[in-house]
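Throughout, protein chains are lettered first and strands after them, A, B, ... in sequence-line order, and every chain is numbered starting at 1.
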Amino acid sequence: MNAASKPTDNGVEGSRERECATLADTPGAYAADQMKHARTEKPSHSDGPDLWSLPAMTVGGSLDPADGPMGPGLDVDRASDERRWRAQAVISPIEQIVHALASVQIREEDYDARRLAHHVVDLAVRSMGFAQETTTDEVLDELAAMARAMRPDAPSDEWRDIAARVFGGLQNVSHDYDKFRFTGIAADGVRREFSFRLIELREHGDDAVVEATSEAINLFVSALDIEPSNAERAYQALLARQLEEGHLEQAIRTAQIAGRASIASAALINDAIERAQRDVDPDVWVSVIEPELNESQGRVRSRIADDDLIYEKARDLTDADDPKVRAEAGAVGEIVREQRRIHVALERRLVVARPAFLDAQRSQRLAVRRRLRLLSVDTGLFRSVIELAKPDALAVTDVFADQALGVVMPHLMRLDTLIDALLEPVVARERRSVDLEVVGDVDERCDPQRFAPVSLAAAAAVLATAREAPLRLSELLTRARSAGDPDVIVLVRLASLFAFAPERSDDPDEDETRPDDLVAGLAALHDGAILRDDGYAGADLLVGSAEAIEALPAPAKPERKALEPISLAVFRSRR
Amino acid sequence: MSGYDLPDITAASALIRHALAGRPLATGSEYGELFDRYLHHQAFRDLVASVADGLDLAVLQAPPTTGLVLSPNPDSPFRLRFADLRPWTPDERLVAGLVLLGIAALRFPREEDLDAEGIVRYVTVGSVEKFMREAIRPLAIAPTADAKSIEAYARSAAEAYERMPGLLRTEKRGQRKRGCTMRVIEDVFDLLIEQRMARRPARMDDDTLQLTDRFRVHVAEIAGSEALAVLRAVAAQQPAKG
């Protein structure tokens, strides 16, 4: 960027009509432009192309016909690039103030000139519109107070000096209060001048009041991170002025954008209320949330008053002779009325925010704080519980089961509705005929769920040796391994287990499950021997024919070590 | 805003929680104390009714020996669903509905029976089966004006009952098998036990059931049913049983 703030007289307002199209992509930029448009007489001349006058395609790719005839617009990428350039240029005067202070030995570490400059813009924007406007003296006092806060030990003359320098810098006092001027050189080599003011003074009785220019509002609204509530106020100020000056078409668009700003502002306030309910720390409430909500309440009330005022202005215009004016004023009135509805609803929310906080705080106080702990079921529950006497163990396991199962909702029978439902005939639905796919004969050898016949035969051969004389499971597994087929090992093991504990159906309607041919006539006995096997653990069962196993002497019951009952309190103390 | 404070609401909710869990009333227990408060304080009764209403529940009665008897409204999340019942066939469903009516008629044959609190009433699978076989004939010929009334449905249920054999047994264990009315009666007994409307009395065989006062309260709710009236007329001719 080739920046220069040299004062010249070549005004560039000649193409203001087209500024809307250039800026319409962003609500803030559009509003800034409209603000300027509302305040400035249409110029009679143009001294060549500048950045604002460049017609640019809007994001949607169309140009606003209300902005007048235009030449070929920039494509979206170029327009976006130019806007970014302008955003950079708009803050340049503030950077110039910082450098100017440095040249007179005022150090950046002592005073934050950027913040002071922003504050001037904020003051100007916030005071525009309906309430009492900010005079130059008030601005200087505010800035001096801020400067004092930045460096309390400095002499008071210094604070006032800083305030005057910053305020003067924003008015381009070093160039005789002329506009700031910058020249941009585009990628195609075309040079375009961009000139603007940030602060303007207007006579107000015996005093001068400060006004923000379109660029300042642009700075305020879109070029920097701004608070939507302030943007909302800026739009309302702009809207009022447009109505006063009869720019109704623009007023409609401004009202629409102001409506969006209202929604954004409402969203922020709602968020603050939500936070109040979520974070119910009384300290946070007192120090942060309550002041925030109080401030919001004041702002929203002020917005409602502004809405009323704008609505009145729009309504006055509905009496105009020109039907177009009447229609446009009516449209503005409708939008403002909707805006007011949002503000009134918001105010109501703010009023109940305090009771909402109290309720949330109360419910938090009632809730029992629970500590989340990871539990190892094996060591933390099973092993511990097994040492306890039954009543103590039940006290633990019952609580664990209740918590682990979660909420179980009881389902209650209501005799009348149940009888009605049971007796009501079931509606028979006609079955739709479905063309079933013909699969053909299934090759059992390909069924992955079945053991291969060769494995079954090998396992049967191994188990047949046990039928001759009872054998240990360990011996059967060894013989199965010699077959070289892992399935044979699995089958022998499963058959042995089945022989030890045949599965029976719990359904009384079904007969007992018939054992497979593999284990027919087999039985197994656990005589206390332990299986020593690389693949399996457990009992080393004696497997043989049912008769042979039956004939074996019953194994002596292993002597169980009696568990010493301990109380729950003792158990806890051990842990 | 009424004069309730948060502890009152907590207490009302706790009373409903105990009632939903079907816990027995015990002197000195939280449930017992809350129920005592319910019986003696009108304001607390109103509060409990309101909380129950919010949960889509209705307080049917509060017999002093039973506690709060709640009933779910038709759309309540606490209502019993078909998925909670046995997987009955359509005929078994009809028979089950009729059996519920039959048990009610058999043990509460007169209006005054519905007001008699705390009386022990037993019922057995055999007695219900016998009663139903006697009752289905009058039920099948009972006049009904509306084909979609519960009475008309009871008639078709009676036909289903008549079609179904009384007893089928499994071959191995000799238990009652699906597809017979006595097995359905057994299932209905289990349902009544789950719902705490009945219990298995100690030192009696598994076929005997003791109806609780909760069942009496629910039967009182269906006292106006024509189908029940027909069954009760049959039951009234039988000798009274405990």
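Contact of B:L192 with chain A is made through the side chain alone, with heavy-atom distances under 4.5 Å. Contacts between B:L191 and chain A at a heavy-atom distance below 4.5 Å involve the side chain alone, from C-beta outward. Looking at A:L412, the atoms closer than 4.5 Å to chain B (heavy atoms on both sides) sit in the backbone and in the side chain alike. Looking at B:L168, there are no atoms closer than 4.5 Å to chain A (heavy atoms on both sides), in backbone or side chain. Residue B:V219 touches chain A through both its backbone and its side chain, counting heavy-atom pairs closer than 4.5 Å.
Counting heavy atoms of neighbouring residues, nucleotides and ligands inside a 6.0 Å radius, atom CZ of B:R17 exceeds 12 of them.
Between B:F78 and A:P410, the shortest heavy-atom distance links the atoms CD2-O, 3.4 Å. Considering all non-hydrogen atoms of both residues, A:R414 and B:P74 come closest at NH1-CD, 4.1 Å.
Each of B:R169, B:R79, B:E221 has some count of heavy-atom pairs under 4.5 Å with chain A, and the biggest count is that of B:R79. Contacts with chain A were tallied for B:P77, B:A157, B:G174, B:A104; B:P77 has the most, counting heavy-atom pairs under 4.5 Å.
Atom CD1 of A:I419 sits about 4.0 Å away from atom CG of B:L101, to the nearest 0.5 Å. Taken to the nearest 0.5 Å, the CZ atom of B:F215 stands 6.5 Å off from the CE atom of A:M413. Note that CG of A:L422 is 6.5 Å distant from CG of B:L85, once rounded to the nearest 0.5 Å. Of the inter-residue distances, the one linking A:L415 atom CG with B:S71 atom OG reads 9.5 Å to the nearest 0.5 angstrom. Residue B:H218 holds its NE2 atom at 10.5 Å from CG of A:L418, rounded to the nearest 0.5 Å.
B:R81 and A:H411 share a donor-acceptor pair across their side chains, judged by distance under 3.5 Å alone.
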